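Here's the structure, in structure tokens; my notes come after.
Both backbone and side-chain heavy atoms feed into the values below; hydrogens, waters and symmetry mates do not. Nothing here was measured: the structure is a model prediction, and the numbers come from that model. Order of the sequence lines fixes the chain letters, A, B, ..., with proteins taken first and strands second; residue numbering starts at 1 for each chain.
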Amino acid sequence: MVEIRLHDSRTRRKVALAPLDPTNVRMYVCGPTVYDRAHLGNARPVVVFDTLYRLLRHVYGADHVTYVRNFTDVDDKINAAAQALKASGDPRSLEELIAARSDETIGWYHADMDALGALRPDLEPRATAYIAPMIAMIETLIARGHAYEAEGHVLFDVRSYPAYGALSGRSVDDMIAGARVEVAPYKRDPMDFVLWKPSGPDLPGWDSPWGRGRPGWHIECSAMSHELLGPSFDIHGGGIDLQFPHHENEIAQSCCAHPEGGFAGIWMHNEMLLVEGKKMSKSLGNFFTVRDLLDQGVPGEVIRFVFLSTHYSKPMDWTAEKAAQAEATLRKWRGALTGVAPSAPDDMVVVSLEDDLNTHNAIRQLHGLYDRLDLVRKVENYGHPLDRAQLVEPGAVIEARFLASAQLLGLLTPDMVDWASVPFADLSGPTARLTALRADAMATKDFSAVDAMKAALVAAGLEVRMSKAGVELVPGAGFDPAKLESLK
RNA sequence: GGCGGGUUGGCGGAGAGGUUACGCACCGGAUUGCAAAUCCGUGAAGACCGGUUCGAUUCCGGUACCCGCCUCCA
């Protein structure tokens, strides 16, 4: 029996995933606040949970997994962006500007994450479409004595929920002791957090029992996960930086409003991303978006490969060297699998992923598959000291399994842009000329003409292979057919 | 100040209390007009200090350094 084991942040141990309903495994992942292009760090959870999504679909069936990832389109940063536009003379209303900004950002997000080979979640709810459920949930919390109204705000009463702090391993008292926050005077407890806040006329707002206002940051995920997945579901994911306060507050809200449910069974958090050993920040000048990398010619698949090379629970350092290495590996694999159709993924790859999404180990298995494929092809094509009879599997079987395994990781998929393919060019002319030049040089021992042509071919991005068998020209990474014109 | 994560060979990066991780690079050899590609092979590690153990890089404690959260944040 297949068993997926995942590290649960709440209990701090690896647990077996036992879906509440194996015909509908449910996962909720906190999505982006849509006010700007996604930076590289935003992409890590997308790739991590996309890989988990693919594994779940493989194990339970593609139709038996529901993956929800929200868009937060209620946020002061979006408001600020819209207000700035309005101040600069844009005639549209604030609501229109906000909606336009959100729509535009969601479009960018989809395009950028698609490029990383991430499947779209089954559901991508927008917070603004769930204001009514949020208000209903807040009313329930007030009715049950877990929230209170004060000066137009509604606050969650952390002292009413004894388990508050369990997820992040903090106690309310400790947090207050080390708090650096200015405490609003209307709070009963400094750690109480906002469920609803009032909106002035210059801000978007919705009518509520507490006047025109807007929801606090955390209530949206509680309301949307409940609406779409129910009071109990299997996996809740997000970046480790969301563990507190966002996820802690989600638990408090959801468990107090719906004590009949268990909310999320397993909590998963991915660690942060560093760039060349440092935190990504605008002040350090190492802040960049996914789109920046794509525009620089770094294929999305390379970004994905680099992400998968580090376990999700460890800090991951983005470096140019890693990207170059990933690109070389992928280029090698793509070259070996041209025209191959996938079969079923390798057991060891599946087992690796089932062990708390050990993507690094899975990639290691892919390397092993490549080596075997390489060896088998040699035997099949050229003969080899190894006896053919010793081959357990023909190359066609291995390559099909190799491709299926890579695709389980979201690599080498049909959807992925075939960035490694090279422009087509008829190389028979140059090949024949070089062969002739070489034959002459062999006789005269003057290789200057051969070396000159070779240098020109290399400059055009070709790999020049000369052996007893003859001359072979292989297009490389930077192959430019136009540069061959000068050779004619 | 409180909480959490990390520290492995030149670089990246795993698993496992005792047996070669692996990839890339490097070096030696084969091959080549020279290369490239390919093949064969060698070497190299576990931040530091203690403890447990027959034996620890792997478990426990402490120290140092790095990163994150506690305020918007994936």
What pairs of donor and acceptor atoms, side-chain ones from residues 454-463 of chain A against any protein atom, are under 3.5 angstrom apart with sequence neighbours left out?
from: E463(A); atom 1: OE2; to: R465(A); atom 2: NE; distance (Å): 2.5
from: E463(A); atom 1: OE2; to: R465(A); atom 2: NH2; distance (Å): 2.7

Which part of the nucleic acid, if any, lies within reach of [X] when heavy atoms closer than 4.0 Å are counted: base, sugar-phosphate only, or nothing?
X       : value
G238(A) : sugar-phosphate
F447(A) : base
K454(A) : base
D371(A) : sugar-phosphate
H367(A) : sugar-phosphate
D451(A) : base
V450(A) : base
L273(A) : base

Q.
Would you say the ring centers of F233(A) and F263(A) fall short of 6.0 Å from each other?
A.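 Here the rings of F263(A) and F233(A) have centres that are less than 6.0 Å from each other.
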**Q.** Ring center gap for W267(A) and Y28(A) short of 6.0 angstrom
**A.**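 Distance test on ring centres: not under 6.0 Å, no.
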Using the [atom1] atom as the reference point in each nucleotide, state the distance between [N] and [M] in Å, no decimals.
N      : M      : atom1 : answer
A14(B) : G46(B) : C1'   : 12 Å
A25(B) : G12(B) : C1'   : 11 Å
G1(B)  : G10(B) : P     : 35 Å
A47(B) : U58(B) : C1'   : 16 Å
U19(B) : C3(B)  : C1'   : 40 Å
G55(B) : C70(B) : C1'   : 43 Å
G29(B) : C66(B) : C1'   : 42 Å
U57(B) : A45(B) : P     : 12 Å

Q) Name the stems with RNA chain B in them: runs of three or more consecutive Watson-Crick or G-U pairs, distances under 3.5 Å? A)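 Expected stems, ordered by start: B:1-7 with B:64-70, B:10-12 with B:22-24, B:27-30 with B:38-41, B:47-51 with B:59-63.
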Q: Nearest-nucleotide wise, let me know which of Q325(A) and P315(A) is further upstream toward the 5' end of RNA chain B.
A: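 This one resolves to P315(A).
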Q: Take Y35(A) and T319(A), find for each the nucleotide of RNA chain B with the closest heavy atom, and name the residue whose nucleotide sits nearer the 5' end.
A: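 Looking at the nearest nucleotide for each, T319(A) comes out on the 5' side.
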From the list [options], which nucleotide is the closest neighbour of the side chain of [X]?
X       : options                : value
E463(A) : A36(B), A14(B), G5(B)  : A36(B)
K322(A) : G13(B), C22(B), G5(B)  : G13(B)
L274(A) : G33(B), C67(B), C70(B) : C67(B)
H360(A) : G13(B), A74(B), C69(B) : G13(B)
T310(A) : C22(B), G13(B), C24(B) : G13(B)
N358(A) : G15(B), G23(B), A74(B) : G15(B)
M466(A) : A74(B), A35(B), G13(B) : A35(B)
L242(A) : A74(B), C11(B), G33(B) : A74(B)
H311(A) : A14(B), G33(B), G23(B) : A14(B)

(Q) Would the base of A36(B) count as contacting R465(A) through its side chain, where contact means a donor and an acceptor less than 3.5 Å apart? (A)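 Absent.
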To the nearest Å, how far apart are [X] [atom1] and [N] [atom2]?
X       : N      : atom1 : atom2 : answer
F305(A) : G23(B) : CZ    : C1'   : 8 Å
H218(A) : C70(B) : NE2   : P     : 11 Å
D192(A) : C70(B) : CG    : P     : 18 Å
D317(A) : U8(B)  : CG    : P     : 12 Å
N249(A) : C69(B) : CG    : P     : 16 Å
R364(A) : G12(B) : CZ    : C1'   : 15 Å
E271(A) : C66(B) : CD    : P     : 17 Å
L308(A) : A14(B) : CG    : P     : 12 Å

(Q) Test of understanding: with ring-ring contact (aromatic ring centres under 6.0 Å, His included), list the residues that count as partners of H7(A), not counting sequence neighbours. (A)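 Expected list: none.
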Q: Considering just the side-chain nitrogens and oxygens of K332(A), establish if one lies under 4.0 Å of OP1 or OP2 belonging to C24(B).
A: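 Indeed, a polar side-chain atom of K332(A) lies that close.
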Q: Please collect all ring pair (Phe, Tyr, Trp, His ring centres under 6.0 Å) contacts where either partner lies in residues 29-48 of chain A, sequence neighbours excluded, each pair once.
A: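 Qualifying pairs, neighbours excluded: H39(A)-F287(A).
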Q: Give the C-alpha distance, both sets of side-chain angles, the deciding distance and a yes or no for salt bridge (Lys or Arg N to Asp or Glu O under 4.0 Å) between D356(A) and R5(A).
A: CA-CA 5 Å; D356(A) 196 26; R5(A) 294 176 63 78; over 6 Å; no
Q: Spell out, as yes or no, whether a donor-acceptor pair under 3.5 Å connects the side chain of D76(A) to the backbone of N79(A).
A: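 Looks like no, no N/O pair under 3.5 Å.
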Q: Go through the structure and list residues passing side chain to side chain donor-acceptor pair (under 3.5 Å) with K14(A), not counting sequence neighbours.
A: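 Once residues adjacent in sequence are excluded, the partners of K14(A) under the side chain to side chain donor-acceptor pair (under 3.5 Å) criterion are D355(A).
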Q) Excluding sequence neighbours, so at least two apart, what forms side chain to side chain donor-acceptor pair (under 3.5 Å) with R438(A)? A)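 In terms of side chain to side chain donor-acceptor pair (under 3.5 Å), with neighbours along the sequence ignored, R438(A) is linked to no residue.
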Q. Would you call the rings of F307(A) and W318(A) parallel, tilted or perpendicular, where under 30° means parallel and over 60° means perpendicular?
A.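 Correct class here is perpendicular.
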